[in-house]
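We number each residue from 1, following the sequence as shown.
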Amino acid sequence: MKKLVYCVVGLLALAACDKKEPAKEALPFRISPVLTKVTSTSFETGDAIGVSIVRDAQYAYADNQKLTYNGSEFTGDLKWFTEEGSAFISAYHPYSSTAPTAFAVQADQTAGLSSSDFITGFKNDVKPSEQAVVIPFKHKLTHVVANLVNNSNGIITGFSLADVRLKAVLDAGWEPSEDESAPKGTVKAHKVNDSKYDLILPPQKATMTAVVTLQDGKELSQVQDEITLESGKEYTLTVIVEPEAIHVVLSGDVQDWEEGGEIVPSSILVEKLDEGYILYHEDKYTVAKMKDGKWWMTQNMRYVPEGIEVSNDLTQVTAGVFYPVVVKADNSGAEFSRDITVIKAHGYLYQAEVALGLQVGDLTSVDAAQALEGAKGLCPKGWHVPTADDIISLVGKAVSPLATKTDAPYYDGSNGSIVMLNEDGFNMDAFGAISIADNTKTAGTFMGYLKTFPDKISSGMFCGSTYAGVSYNEKDDPESGVKNLQFYGFIPMTNKATEAEYTCNGTKVSYRIAAPLRCVRDSE
């Protein structure tokens, strides 16, 4: 009996020794891409990538295998190796039948950027798995965004960059660099919306030309200073389009090409003093060098600071910025105007704190007011809100205690003369103001309309930066709190029978009065 048992056990053991392990099934290779996308260059169904796999840092398991995007993953015929081990994976887009050593962007990108967007992804120490391999992909070329500000009368139909190279050379790791042997050409940009275009360029050092095309076929262009465009970076151009020219400013900041990476310059200044204007906050202002030797804006400021809503309500006594004032159509009084042509000609009305770069309510002491003399405020960099010295040196006369400066270039022997100022291009007029006497008032009134001259605004005030006076809630008691602060500004007056009598002198302007603002350039 024991012999029989031993034989059975032996046979079972022999059978077990002869049994072979089934072959391990190769798992499908899949990639789940992670790409911080610009909308126009996200992966789309049908897009293909080339994939290479190196096993254990030495063995090339797959070389330039094609995988196609199905809306969520890249898949194809490629399968994982079945042995133990790890791998380094590299991939690129768009797919080419041979691994690329160069890449060229499309000259016409108006239909979109996808075919011009060279993207790579890498991941190390990856082991075979049923799960898709998550690989981060990055844009390797340069993204250029053009924000267009149309101050012309035409319709913009296109934007392009000329004098640029369209081809990059790629190293073994698919890092791009400028192909200096490639000819230069023009790239037509993709239209994002009416005021925004974008395109892709190879990294390069370029002195490119920005070109705006108008509906009537006219092309406006401007050559840019040389710039080095780096791989994987996004650059933003602000393009200001005037009737006969464009002005382009490249933001000083550069960001990685990532979603939300659009760079919006907070304040752009282009000075064309020899041509008589500046561009500031995407708007054009005429300027003139007056006989006092200083550059002055010859148009009123029409910039609205972020977070402020322009008011046309006289009861909003702390609004900060108000619409301009005009005479009613029936000549019966003054009213606000929201007409864009009026705003362009007259500018907005600013309460002093806002004009000086603060918020209404920030000023609570004389010391703080005195510290604002010569403040930049809302003016461009290198310009400032006029000081008492600027005013008196220009027009000669102001209220006491400022002494008359009889040798001022626009002093006519009695007053500052609007006629003399305007003969030299100062473009001064009585633009009106909103009178709010102090911070206890709950409503303002229109300043400038006189029944004697019912067809025009006849007076007004302009903002200044030099402290001129204070009143307190209780007379002569600083401890009771500030009721009103004053700064020296201009007071143009046209309530005369003839233009030759129009005056523009210095005056004291209460800080809650809303008045026009002009800037004067800092002395060099």
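With contacts defined as side-chain heavy-atom distances shorter than 4.5 Å, the pair Ile391/Phe490 qualifies. In this structure the side chain of Arg512 never reaches within 4.5 angstrom of the side chain of Ile434, judged on heavy atoms. By the 4.5 Å heavy-atom criterion applied to side chains, Val145 and Glu234 are counted as neighbours. Residues Leu273 and Ile278 have side chains in contact (heavy-atom distance under 4.5 Å, counting atoms from C-beta outward). Contact of the Ser90 side chain with the Thr120 side chain is not registered, since no non-hydrogen atoms from C-beta on lie closer than 4.5 Å. A heavy-atom distance below 4.5 Å is not found between the side chains of Val169 and Thr101.
Met297 approaches Phe426 most closely through the heavy-atom pair O-CE1, 4.3 Å. Contact detail for Tyr280 and Lys376: the closest heavy-atom pair is OH-NZ, 4.1 Å. When all heavy atoms of Ile49 and Ala91 are compared, the closest pair comes out as CD1-CB, 4.1 Å. For the residue pair Leu237 and Phe159, the shortest heavy atom distance occurs at CD1-CZ, 4.2 Å. Between Pro243 and Asn151 the shortest heavy-atom distance is CD-O, 4.0 Å. Here the closest heavy-atom approach between residue Pro202 and residue Ala168 is recorded as CB-CB, 3.7 Å.
Taken to the nearest 0.5 Å, the CE atom of Met208 stands 11.0 Å off from the CD atom of Gln222. In this structure, CD in Glu271 is found 10.0 Å from CG in Leu279, a value given to the nearest 0.5 Å. The line from OG of Ser231 to CG of Leu141 is 7.0 Å long, rounded to the nearest 0.5 Å. Atoms OG1 and NZ, on Thr142 and Lys233 in that order, are 10.0 Å from each other to the nearest 0.5 Å. Tyr303 contributes atom OH, which lies 8.5 Å from atom CD1 of Ile308 (distance to the nearest 0.5 angstrom). Remark: Met301 CE to Trp383 CH2 distance equals 9.5 Å, nearest 0.5 Å.
Shown here are the side-chain hydrogen bond (donor to acceptor under 3.5 Å, both in side chains) partners of Tyr410, two or more places apart in sequence or in another chain: Asp424. Under the rule for a side-chain hydrogen bond (donor to acceptor under 3.5 Å, both in side chains), the partners of Asp292 that lie at least two apart in sequence or sit in another chain are Trp296. When the side-chain contact (heavy atoms from CB on, under 4.5 Å) test is applied to Arg302, the partners found at least two apart in sequence or on another chain are Asp283, Tyr285, Gln299, Ile343, Lys344, Tyr348. For Glu175, the side-chain hydrogen bond (donor to acceptor under 3.5 Å, both in side chains) partners two or more places apart in sequence, or in a different chain, are Lys140. Residues satisfying the side-chain contact (heavy atoms from CB on, under 4.5 Å) test with Asn64, not counting sequence neighbours, are Tyr92, Tyr95, Ala99. Applying the ring-ring contact (aromatic ring centres under 6.0 Å, His included) rule to Phe103 yields the partners Phe118; only residues at least two apart in sequence or on another chain are considered. Residues that satisfy the side-chain hydrogen bond (donor to acceptor under 3.5 Å, both in side chains) test with Lys456, not counting sequence neighbours, are Tyr502. Under the side-chain contact (heavy atoms from CB on, under 4.5 Å) criterion, Thr186 pairs with Ser160, Ala162, not counting sequence neighbours. In this view, Thr68 and Ala48, Lys66 satisfy the side-chain contact (heavy atoms from CB on, under 4.5 Å) rule, not counting sequence neighbours.
No more than 12 heavy atoms of other residues, nucleotides or ligands lie within 6.0 Å of CG in Asp194, so this atom counts as exposed by the packing criterion. In Glu335, the CD atom is crowded: over 12 heavy atoms of neighbouring residues, nucleotides or ligands sit closer than 6.0 Å. By the neighbour-count criterion of 12 heavy atoms within 6.0 Å, atom CD of Glu275 is densely surrounded, having more than that number from other residues, nucleotides or ligands.
For the residue pair Asp117 and His139, a side-chain donor N or O sits within less than 3.5 Å of a side-chain acceptor on the partner.
Remark: the backbone N or O of Trp174 is paired with a side-chain donor or acceptor of Asp171 at under 3.5 angstrom. The closest donor-acceptor contact from the side chain of Thr298 to the backbone of Thr286 lies under 3.5 Å. Distance alone, capped at 3.5 Å, is enough to place a donor-acceptor pair between the Tyr69 side chain and the Gly71 backbone. Between the Asp429 side chain and the Phe431 main chain, no donor and acceptor come within less than 3.5 Å of each other. Thr213 places no side-chain N or O within 3.5 Å of a backbone atom of Thr157 that could act as its donor or acceptor partner. Of the possible polar contacts, one joining the Asn505 side chain to the Gly416 backbone as a donor-acceptor pair under 3.5 Å is found. Without hydrogens or angle criteria, Gln109 side chain to Ala189 main chain gives no donor-acceptor distance under 3.5 Å. Between the side chain of Asn147 and the main chain of Lys196, no donor-acceptor pair closer than 3.5 Å is present. Here the side chain of Glu353 pairs a donor or acceptor atom with the backbone of Gly361 at under 3.5 angstrom. The closest donor-acceptor contact from the side chain of Gln224 to the backbone of Ala210 lies at 3.5 Å or more, if one exists at all.
Among residues at least two apart or in separate chains, there is no ring pair (Phe, Tyr, Trp, His ring centres under 6.0 Å) pair with a member in residues 200-228. Within the structure, salt bridge (Lys or Arg N to Asp or Glu O under 4.0 Å) pairs that include any residue of residues 148-166 comprise Arg165-Glu178 (at least two apart or interchain). Sorted by first then second residue, the salt bridge (Lys or Arg N to Asp or Glu O under 4.0 Å) pairs that include residues 203-220, not counting sequence neighbours, are Lys218-Glu244.
The aromatic rings of Phe336 and Phe446 lie perpendicular to each other, with more than 60° between the two planes, well past the 30° mark.
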Could you go through Val385 and Cys379, starting from their C-alpha distance and side-chain angles, then the distance that decides it, and tell me whether this counts as side-chain contact (heavy atoms from CB on, under 4.5 Å)? CA-CA 7 Å; Val385 180; Cys379 298; 4.0 Å; yes
Residues Ser195, Asn193; criterion side-chain hydrogen bond (donor to acceptor under 3.5 Å, both in side chains); working and verdict: CA-CA 5 Å; Ser195 60; Asn193 54 48; 3.3 Å; yes
Evaluate the criterion side-chain hydrogen bond (donor to acceptor under 3.5 Å, both in side chains) for residue pair Asp390 and Thr387; output intermediate values, then yes/no. CA-CA 5 Å; Asp390 293 327; Thr387 64; 3.0 Å; yes
Between Asp339 and Ser337, does a side-chain hydrogen bond (donor to acceptor under 3.5 Å, both in side chains) hold up when you go through it step by step? CA-CA 5 Å; Asp339 187 322; Ser337 175; 5.3 Å; no
Evaluate Ser221 against Thr209 for side-chain hydrogen bond (donor to acceptor under 3.5 Å, both in side chains), listing each step before the verdict. CA-CA 7 Å; Ser221 63; Thr209 301; over 6 Å; no
Could you check Asn150 against Val212 for side-chain contact (heavy atoms from CB on, under 4.5 Å), going step by step and ending with a plain yes or no? CA-CA 10 Å; Asn150 191 2; Val212 172; over 6 Å; no
